[in-house]
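Read the structure below first, then the notes.
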There are 2 protein chains.
Amino acid sequence: MKPTVHDIARSAGVSLATVDRVLNGRPGVRHVTRERVEGAISALGYVRDVAAANLAKSRTYSFVFILPMNDNPFMISLADEVRGAIGRSGAERTGIRVVDVPPFDPSALVGALEAVLVEKPAGIAFVAIDTPEVRDAVARLAGAGIAMVTLVSDLPDSARDHYAGIDNIAAGRTAASLMGRFLAGRSGTVAVLAGSMLVRDHRERLEGFSAVLQDTFPDVRILSVLEGRDDPELAEMLVADALRRHPEISGIYSLGAGNRGLIRAVQSREADRRPLVIAHELTAPTRAALTDGIIDAVLNQDAGHEVRSAIRVLKAKADGLPVITAQERIRIDIFLKDNLP
Amino acid sequence: MKPTVHDIARSAGVSLATVDRVLNGRPGVRHVTRERVEGAISALGYVRDVAAANLAKSRTYSFVFILPMNDNPFMISLADEVRGAIGRSGAERTGIRVVDVPPFDPSALVGALEAVLVEKPAGIAFVAIDTPEVRDAVARLAGAGIAMVTLVSDLPDSARDHYAGIDNIAAGRTAASLMGRFLAGRSGTVAVLAGSMLVRDHRERLEGFSAVLQDTFPDVRILSVLEGRDDPELAEMLVADALRRHPEISGIYSLGAGNRGLIRAVQSREADRRPLVIAHELTAPTRAALTDGIIDAVLNQDAGHEVRSAIRVLKAKADGLPVITAQERIRIDIFLKDNLP
DNA sequence: CAATTTCTGAGGTACGTAAATCAAAAAATC
DNA sequence: GATTTTTTGATTTACGTACCTCAGAAATTG
């Protein structure tokens, strides 16, 4: 039978009130007594019944998701998933609020974080922007005891508790590996279409991509990066222009958003002169392009998984509980024409 | 504020006891009263607080995992993950027991199911074998109100509630797609190494593999299937023999276990005459072979995910709660040399 | 209409923990 | 040793639900 607080009180020879004081870090317990109680806790292997505790506290975890007001399909699906989680919040004892911020704007993000700080939520999930101000703000919130989880784009070496997102270096490496294998020894030139080199996840994908290409496929040359700002119009222009100026392009790696433009640019070429294309995020346009053979592979991160993982981790951190690391690793899905879900 | 049973009682103008009778399907409520209460429940959007209910019932979900005593690395890791879940069972209100059965033995499985039936657990997870007897047994257990989840290998059109495993047809299709792309137009002959065609997941993988190869890569020919019975020794012999007799083999798809033998057979050939190899399950040997370039791609299913998903689903089914479908879809991981975790 | 059966209400206890109060005991201070 | 401060015990209420008992009301039957 699982030991309860009563068992601990009896075993340590103290009253329930004292056990409560020790368990919840309340003052008024002598050092020796505290140690006696802690001894009994570990001797009996007591673990607090979180469900009962939450019931007693009539606790609801208050979490805030800070999301960029980005209109690309991936961010939209991320927001959808958060809304889905809000719909389930009744059953999960969570109260989730969404705060929108303009994209790629560090000071707006800092402002949002500061604004959220005053309401002292149990935790915050946010898409990080990698600047010192943001780091400082995160340190302040974490210092105030708020659980902090980065979403999609990380902020390493900061006070955040966890990152809910894919390993972007590994994603870039995977893309390069597929690109190299699909080219199958043919030497060639590869163009890279990114959103912005100011965003950490895009930088990391490029890093991984370049590293593997250089190491494993030295015959493949990378052109300078096209920055499409995740904008379909701009992306189409840039890609069309690159294809015109470099007829030898045999592959394109699109590591950001704005793939609608890329697809249009590729599609407008004759079928037998189209390059190999690897892109990110399975959305309506990339899915269709995959089916039509315009895109050859799509690397995907599951927004639903990221949101649910972030919530699980925020809960665990708010309770000071351990996280099942393997469960929270967000995987990179590789979709080909033939394994679409 | 979330409505409670008290709110329902007040709103329906009945007593708490009556609400309780309706909620828990106890007798002694007139039809009209029952409808009034149910009306109030849906009007207020009441959802039972499962945590509180479990506390009151001092319920622990009793689950049984029936696992084949197979000594291949994947089954071992599956058993490990179940043990891990047992370790967490204190915090999760679950009591999990493991029953071992001899592998590939339908009547042993049926016997185990029958034996488990008498102890009336809340749910059972088991690796299915696709025969009519097993189907009948599943129907009996499901009829007795036991939640049934198949693990790794499914039993479609049976009374099971859920399947926690990958889509094996999609896995085969993916393997074919990668094989075809990696061969990059070179025509060739592909050998398939399976465990046994009596197992459903192996059959389905082959089915998907063949379909895509025929449709998309008609120049690639498939040799008749080698049945290695998941035995490394036998697999090594079969593969070595096939490579000797068919020097034109340019690819091998290993859709079962026993990969240690396959790796040895491939390794013993000169490096420049080795075929392309795609295998299943990331284990110590396949991982090493991937790093060394002996294996070109590994399709993997995460045993930990499958076990945790099975438990979540069993819990939900035992409570009659809905399942978050997207969350429970087990993904096929594709590992290449460059994206090993 | 009386007797019987079927519903319903009121109330309590329990689950394991949190949080509070108040009194009593122990320790520290002067 | 008296006073103050700190520590501890005992007890209570609450969280939302389950489950039990018993009495009384309502409906059904004869």
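Here the structure is a predicted model, which means the values were calculated and not measured. Protein chains get the first letters and strands the later ones, always in sequence-line order, with residue 1 at the start of each.
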Within this structure, what is the [atom1]-to-[atom2] distance between [X] and [N], rounded to whole angstrom?
X     : N      : atom1 : atom2 : result
B/H31 : C/dT6  : NE2   : P     : 18 Å
B/R59 : D/dG16 : CZ    : C1'   : 17 Å
B/R34 : C/dC7  : CZ    : C1'   : 11 Å
B/R48 : D/dC19 : CZ    : P     : 9 Å
A/E35 : D/dT7  : CD    : C1'   : 16 Å
A/L16 : C/dC15 : CG    : C1'   : 14 Å
B/D7  : D/dC15 : CG    : C1'   : 13 Å
A/R10 : C/dG16 : CZ    : P     : 12 Å

Worksheet, complete the sentence: Whichever of B/A17 and A/D49 has the more 5' nearest nucleotide on DNA chain C, that residue is B/A17

Worksheet, complete the sentence: Whichever of A/L23 and A/R30 has the more 5' nearest nucleotide on DNA chain C, that residue is A/L23

Worksheet item: Is B/K315 salt-bridged to B/E92, going by a charged N under 4.0 Å from an acidic O?
Response: no

Item to complete: Run the salt-bridge test on B/D302 and B/R331 with the 4.0 Å N-O cut-off and return the result as yes or no.
Response: no

Worksheet item: With a non-hydrogen cut-off below 4.0 angstrom, is B/D20 in contact with a base, only sugar-phosphate, or nothing?
Response: base

Worksheet item: With a non-hydrogen cut-off below 4.0 angstrom, is B/V50 in contact with a base, only sugar-phosphate, or nothing?
Response: nothing

Worksheet item: Any donor-acceptor pair under 3.5 Å linking the side chain of A/D49 with the backbone of A/A51?
Response: yes

Practice prompt. Could you tell me whether the side chain of A/N300 and the main chain of A/L282 form a donor-acceptor pair under 3.5 Å?
Written response: yes

Worksheet item: What nucleotide among C/dA19, C/dG9, D/dG16 has an atom nearest to a side-chain atom of B/S15?
Response: C/dG9

Item to complete: Please determine, for the side chain of A/R26, which listed nucleotide (C/dT17, C/dA10, C/dA18) has the closest atom?
Response: C/dA18

Worksheet item: Does the side chain of A/D154 pick up a donor-acceptor pair with the side chain of A/T150 at under 3.5 Å?
Response: yes

Look at [X] and [N] and indicate whether a side-chain polar atom (N or O) is within less than 4.0 Å of OP1 or OP2.
X     : N      : value
A/T18 : D/dG9  : yes
A/R21 : D/dT7  : no
A/R93 : D/dC15 : no

Item to complete: Identify, with sequence neighbours excluded, every residue that meets side chain to side chain donor-acceptor pair (under 3.5 Å) alongside A/Y46.
Response: none

Worksheet item: In residues 51-58 of chain A, what residues come within less than 4.0 Å of DNA chain C, judged by heavy atoms?
Response: A/A52, A/A53, A/A56, A/K57

Discussion item. Cation-pi check for B/Y163 against B/R160: NZ or CZ below 6.0 Å from the six-membered ring centre and within 45 degrees of the axis, yes or no?
Written reply: no

